[in-house]
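Just so we're on the same page: letters track the sequence lines, and every chain starts at 1.
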Amino acid sequence: MARWGMVIDLDCCTACQACVVACQAENNQPPPQAGQAQMGRSIAWMELVTYHEGQYPNVKLRILPRPCMHCDEPPCVKVCPVGATYKSEEGIVGQIFGRCIGCRYCTTACPYTVRYFNWYEPVWPEPMQKGLNPDVSIRPKGVVEKCTLCHHRLIKANDLARYENRPLRPGEYVPACVESCPASAMVFGDLDDPESEVSQLAHSRRAFHLLEDLGTEPKVIYLQEKE
Amino acid sequence: MIRTLVIAGSLVVLLGLAVVAVGAWINAPGVLPPQPIAFNHRLHLERVQGLQCEYCHQFVKTQPYAGLPSKHVCYDCHDPYADDGDPEADARQDKFSVLMSYRDEIEDIPWHRVTGTRHDVFFSHRRHVTVAGLDCRACHPDMPDRTEPPTRGPITISMDACLECHEKSKASVDCVSCHR
């Protein structure tokens with residue numbers, strides 16, 4: 001069984017935010033209303049995190065695309081009292097919206113702050129309403145949501161593969177962020193397949209995890225920039 | 001005195017029954033809008049030998065959704081131009097007047113979907129019908145015997161029923177393989 005993971009090459013990333021927009025559109029994330037973003041309540045499953053390195057005048061701005069890490073040891077799963085979040089057989093940390101009671105323990109437990117609480121009923125401007133993705137459910141007010149690694153695409157790809165009586169082909173299931181990256185900075189695939197590009201990159205010397213010391217074993221692996 | 005008590009007692013019982021009936025009516029699945037054509041499933045299956053569900057629900061074996069028939073599927077048998085120029089045709093075609101009224105229109109028959117899944121559940125017909133080999137009656141038991149379109153809400157299938165079958169047939173019981 002596959003163990004889905006992603007490698008993000010920070011050398012290739014140009015911070016164009018195509019992944020952010022693709023993720024918003026693919027997963028029906030509502031745009032924040034006036035004032036909501038100020039309170040830190042906007043929802044962005046994929047976000048560009050910025051940080052500075054060095055001292056003036058030798059300062060470098062670093063940018064890090066940050067989806068859910070889909071940890072092998074997810075802290076969010078351990079704290080969910082109702083089993084609304086769990087690690088699937090294929091390593092995806094899933095969120096079952098219908099089961100979530102909105103206690104927000106998981107948003108607190110997640111060290112990467114990738115979990116978002118729906119403080120409001122989602123609202124889209126009129127022209128955007130027809131552009132909503134029918135493959136993704138619209139989360140109501142009061143539940144927590146997060147990156148699902150576009151698993152609705154996996155469901156569809158699996159469905160077609162089973163119908164055609166063949167195994168899932170490499171590259172048949174790719175999340176929207178990876179698909180949209182114009183610089184090919186993101187590579188997605190089966191981490192357990194030694195032949196796959198993603199697993200080879202994951203074992204490169206440049207590979208690192210975010211907050212590695214926490215032992216969450218993320219399946220999103222970054223390749224650090226060469227000097 | 002006894003008579004008054006009996007009458008009062010029966011009134012109370014009747015009132016109770018009425019409350020129960022109204023409650024059941026309210027809690028029952030929603031009333032459906034009438035279909036544009038009062039399609040008779042049983043009659044079609046009886047009259048046309050070997051008619052299969054997928055003749056009208058064309059995508060049931062190839063797509064996640066089964067599909068509702070377009071007017072052209074109906075016209076395969078009910079030829080809309082067969083009686084052109086025949087003076088007695090009007091009377092014969094009367095019962096097909098709604099179907100024939102779409103003959104020269106661009107629009108198709110506006111069927112109402114009566115079954116569906118919750119917005120957060122992915123259900124694929126082709127996977128259940130083609131891959132798993134399920135009979136349509138497994139989920140739509142009364143459809144072949146219906147003489148008119150259903151007027152009350154669709155059948156409800158609980159997640160327990162899904163899981164029971166999935167466990168029995170060793171299909172995936174992973175949450176994210178159905179929930180989205």
Provide the closest heavy-atom pair for [X] versus [Y] in the form atom of the first, atom of the second, distance.
| X | Y | value |
| --- | --- | --- |
| P67(A) | P65(A) | CD-O, 3.6 Å |
| A161(B) | I157(B) | CB-CG2, 3.9 Å |
| F117(A) | I43(A) | O-CD1, 4.3 Å |
| A207(A) | L201(A) | CB-O, 4.0 Å |

Chain B heavy atoms under 4.5 Å from I96(A): which part of the residue, side chain, backbone, both or neither?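 The side chain, not the backbone.
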Does any backbone or side-chain atom of L160(A) lie under 4.5 Å from a heavy atom of chain B? Answer side chain, backbone, both or neither.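 L160(A) touches chain B through backbone and side-chain heavy atoms alike.
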Chain B and chain A: which donor-acceptor pairs fall below 3.5 Å?
unit_1	atom_1	unit_2	atom_2	d
S124(B)	OG	D159(A)	OD1	3.0
S124(B)	OG	D159(A)	OD2	3.0
R126(B)	NE	D159(A)	OD2	3.0
R126(B)	NH2	D159(A)	OD2	3.2
D174(B)	OD1	Y86(A)	OH	2.3
D174(B)	OD2	E89(A)	N	3.4
C175(B)	N	Y86(A)	OH	3.0
V176(B)	N	Y86(A)	OH	2.8
H179(B)	O	H151(A)	NE2	2.7
R180(B)	O	S137(A)	OG	3.0
R180(B)	NE	D135(A)	O	3.3
R180(B)	NH2	P134(A)	O	3.3

Proximity of F59(B) and H57(B) rings by center, below 6.0 Å: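 No: the rings miss the under 6.0 Å criterion.
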So P34(B) and P149(B), do their side chains get closer than 4.5 Å, heavy atoms only?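 The answer is no; the side chains never approach within 4.5 Å.
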Using side chain to side chain contact (heavy atoms under 4.5 Å, CB included), reason through C74(B) and I37(B) one step at a time and then give a plain yes or no. CA-CA 11 Å; C74(B) 308; I37(B) 296 169; 5.8 Å; no
Measure V131(B) against the heavy atoms of chain A and call it side chain, backbone, both or neither at under 4.5 Å.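 It is the side chain, since no backbone atom gets that close.
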